[in-house]
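Some notes on the structure that comes next.
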2 protein chains.
Amino acid sequence: MNPTIKDVAKKANVSIATVSRVLNNLQGYSEQTKAKVYRAIEEIGYQPNAIARGLINKKTQTIGVMFPTVSSLFSSEILHGVEDFAQDNGYSVMVCNTDSDGKRTLKYLQVLREKQVDGLIFSSEVLKEEYYQTLQQMRIPYVLVSTESGYDHVPYIKVNDFQAAYDAVEYLIRFGHRKIALLSGTKHDTIAGIPRIEGYKKALENHGIPINESYIAYGDFLFDVSYKAMEELLSRAPDITAIFAASDEMAIAAISVAAKYGIKVPDELSIIGYDDLKLAQMSVPPLTTVRQPLYDMGNLASQKLIHMIKTGKAESSCIVAHSIVERQTVRAISSHDKRDIHNPKT
Amino acid sequence: MNPTIKDVAKKANVSIATVSRVLNNLQGYSEQTKAKVYRAIEEIGYQPNAIARGLINKKTQTIGVMFPTVSSLFSSEILHGVEDFAQDNGYSVMVCNTDSDGKRTLKYLQVLREKQVDGLIFSSEVLKEEYYQTLQQMRIPYVLVSTESGYDHVPYIKVNDFQAAYDAVEYLIRFGHRKIALLSGTKHDTIAGIPRIEGYKKALENHGIPINESYIAYGDFLFDVSYKAMEELLSRAPDITAIFAASDEMAIAAISVAAKYGIKVPDELSIIGYDDLKLAQMSVPPLTTVRQPLYDMGNLASQKLIHMIKTGKAESSCIVAHSIVERQTVRAISSHDKRDIHNPKT
DNA sequence: CTGAAAGCGCTTACAG
DNA sequence: CTGAAAGCGCTTACAG
């Protein structure tokens with residue numbers, strides 16, 4: 001149907017080998033034949049078939065990216081970073097939405113393998129043993145973003161979650177807060193759960209503040225569940241003056257709940273989030289948060305992966321810098337807890 | 001490197017033709033050889049090569065999706081819908097981020113063509129003449145989401161923007177508002193700009209409310225620019241009591257600006273958005289908005305596209321239903337404009 | 001029920 | 001500088 005290399009060869013009166021040479025900018029043809037070939041290509045509107053090319057080169061110039069939920073601001077910022085670098089370097093990207101479902105993940109890995117992707121980016125999920133095994137069998141390079149693993153030679157790109165959480169809480173402490181709650185993500189999540197909990201506790205401990213387990217509430221990083229967790233937290237510990245939320249969505253949920261109960265942010269309750277999604281700028285008031293450079297992380301992952309594909313060499317992991325973006329949800333605690341006036345429960 | 005069909009043929013002591021038959025569930029082999037083949041596959045860990053398959057079948061089982069910005073909640077919800085259906089039906093999806101850049105779009109189309117995608121979903125952008133030409137040359141089916149075109153036989157899936165805008169404004173009118181501003185998207189956007197402006201004007205007109213051009217501000221659908229547009233609008237027309245924003249991001253910007261100037265939403269200013277992104281639930285107060293079922297639209301586009309790929313038949317366009325999701329940013333206007341009290345300018 | 005052979009659209013030694 | 005031929009890993013008539 002579509003014209004092939006044969007058609008242009010015929011049209012230009014040369015062999016397909018020659019057409020292939022000029023197409024690939026190899027050497028071994030005169031300027032004249034080059035011109036002839038290009039003219040033929042032009043005339044019949046020829047486009048090379050990357051599939052045929054891929055079969056013989058054993059390179060498809062495409063990479064796969066796996067996310068637990070593509071439709072989150074979080075994933076899509078990473079994806080954007082991945083995609084930009086990939087496209088600029090001649091790679092296409094296939095997206096896979098695993099829905100945090102183990103079955104789907106394995107099935108995807110299968111598909112990606114059959115489709116012969118040159119490499120893979122694995123994001124935001126724990127690299128389970130079975131995934132690791134499959135990946136090793138695939139014999140293609142891969143890199144982890146916003147997650148890590150205990151396996152050697154598996155490069156990852158992430159923020160130091162422990163330290164970021166520590167810094168967030170210390171930031172709150174510096175503003176005079178001592179009754180600081182934690183709106184945690186999934187309790188047993190070894191990547192984004194536990195390290196942030198530990199960072200929270202360590203900061204408290206280092207500043208001589210006792211840990212109060214009733215100040216810790218567990219959500220799932222997302223809005224709805226966190227909304228409820230926040231309501232419970234508030235009824236259980238109405239005396240808190242600040243909250244560290246382990247994701248921006250959770251922080252926004254906290255703001256929403258506060259608004260619902262007439263608690264003023266930041267006057268009566270300070271809130272600091274985690275991620276710095278676009279969301280954080282849009283909240284009312286704008287959210288103070290720990291920034292993870294998601295776009296950059298995706299971009300870097302893409303860079304490393306493509307470098308590995310091209311050179312075959314291993315790449316090192318990378319802890320990227322987080323930072324605190326100061327907006328308007330944190331303020332110094334006042335001498336008396338203003339909220340007591342409005343909230344007789346405390 | 002990886003085992004091929006030849007390896008399993010050798011292992012199972014049959015021809016590659018036979019292996020291919022059992023692999024594809026064709027007929028013409030005994031249960032015995034079937035078992036032998038499967039055993040061999042198992043033993044050597046064979047995985048079919050979809051690239052080789054694609055070359056001969058002229059089907060790659062992959063579709064492309066083009067977005068102006070992948071990293072928006074808007075695009076990613078559509079993407080999620082597209083991806084879910086595609087994966088469940090054996091198709092992979094390649095994402096392309098055009099950054100609203102004509103050059104990139106054309107380049108992508110090229111890439112997608114070379115990679116032999118079976119079909120294409122084109123989202124949120126005007127289908128320019130040159131894109132249309134390229135698409136026609138590619139001879140693959142494609143469908144438009146959240147945009148439309150004047151070309152016949154190019155199926156699109158979208159909401160009726162004019163009607164949706166009309167309904168939003170009428171909703172405001174029903175609550176007693178007459179001084180209704182429009183925070184419009186890009187002025188000359190023929191898809192999401194003009195029709196919504198027209199819907200706004202028509203609703204006003206049908207209710208005998210004169211159109212006041214100073215009540216119309218232009219943003220670009222996104223937060224930052226809209227924030228400024230809202231500030232200008234407010235200083236130019238401080239007497240407005242309600243705003244119809246042509247996107248949720250714009251509505252959120254309006255809420256933010258209102259908060260900045262101490263204008264209470266909805267007490268002093270009602271706001272209705274457009275899209276119903278997850279964002280809308282998270283705002284404070286939760287945003288009343290016109291819902292476009294983005295996930296469903298993506299899913300439907302995927303369905304239609306894959307159906308076209310499989311059957312070769314044309315599909316019809318589809319205007320999906322919008323609806324107004326009532327949350328907390330609109331309320332009936334009070335007898336006297338409360339805001340006058342606080343804002344001596346009016 | 002099964003296999004030998006041609007062919008998908010390319011690239012790449014090899015020979016001239 | 002150029003072409004004939006083999007081959008990438010499959011599928012699919014065709015013949016038996």
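Just so it is clear, the values below take in all heavy atoms, side chains as well, and ignore hydrogens, waters and symmetry mates. Just so we're on the same page: letters track the sequence lines, and every chain starts at 1.
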Quick check for you: name the first and last nucleotides of DNA chain D, 5' to 3', having an atom under 4.0 Å from a heavy atom of chain B. dC8(D) to dA13(D)

Please check if the side chain of Gln61(B) supplies one atom and the backbone of Gly90(B) the other of a donor-acceptor pair under 3.5 Å.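 Present.
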
Is there a donor-acceptor contact under 3.5 Å from the side chain of Lys34(B) to the main chain of Val22(B)? no

Pick base, sugar-phosphate or nothing for [X], based on heavy-atom distances below 4.0 Å to the nucleic acid.
X	answer
Leu23(A)	nothing
Ile51(A)	nothing
Gln47(A)	sugar-phosphate
Ser20(B)	base

Would you mind telling me which residue lines up with the more 5' stretch of DNA chain C, Thr18(B) or Asn24(A), judged by nearest nucleotide?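 With Thr18(B) and Asn24(A) compared, the 5'-side residue is Thr18(B).
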
Using heavy-atom distances to pick each residue's nearest nucleotide on DNA chain C, tell me which of Lys36(B) and Leu55(B) is more 5'.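 With Leu55(B) and Lys36(B) compared, the 5'-side residue is Lys36(B).
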
Test side chain to side chain donor-acceptor pair (under 3.5 Å) on Thr62(A) and Lys115(B); report intermediate values, then the result. CA-CA 9 Å; Thr62(A) 109; Lys115(B) 296 231 166 123; 5.7 Å; no

Partner nucleotide of dT2(D) by Watson-Crick or wobble geometry (both distances under 3.5 Å): dA15(C)

Candidate pair Leu300(A) and Gln303(A), rule side-chain contact (heavy atoms from CB on, under 4.5 Å), full reasoning: CA-CA 5 Å; Leu300(A) 186 57; Gln303(A) 267 178 56; 4.1 Å; yes

Could you check whether the rings of Tyr295(A) and His80(A) sit parallel, tilted or perpendicular, using 30° and 60° as the cut-offs? perpendicular

Heavy-atom closest contact (Thr98(B) atom, Glu125(B) atom, distance):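 The answer is OG1-OE1, 3.4 Å.
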
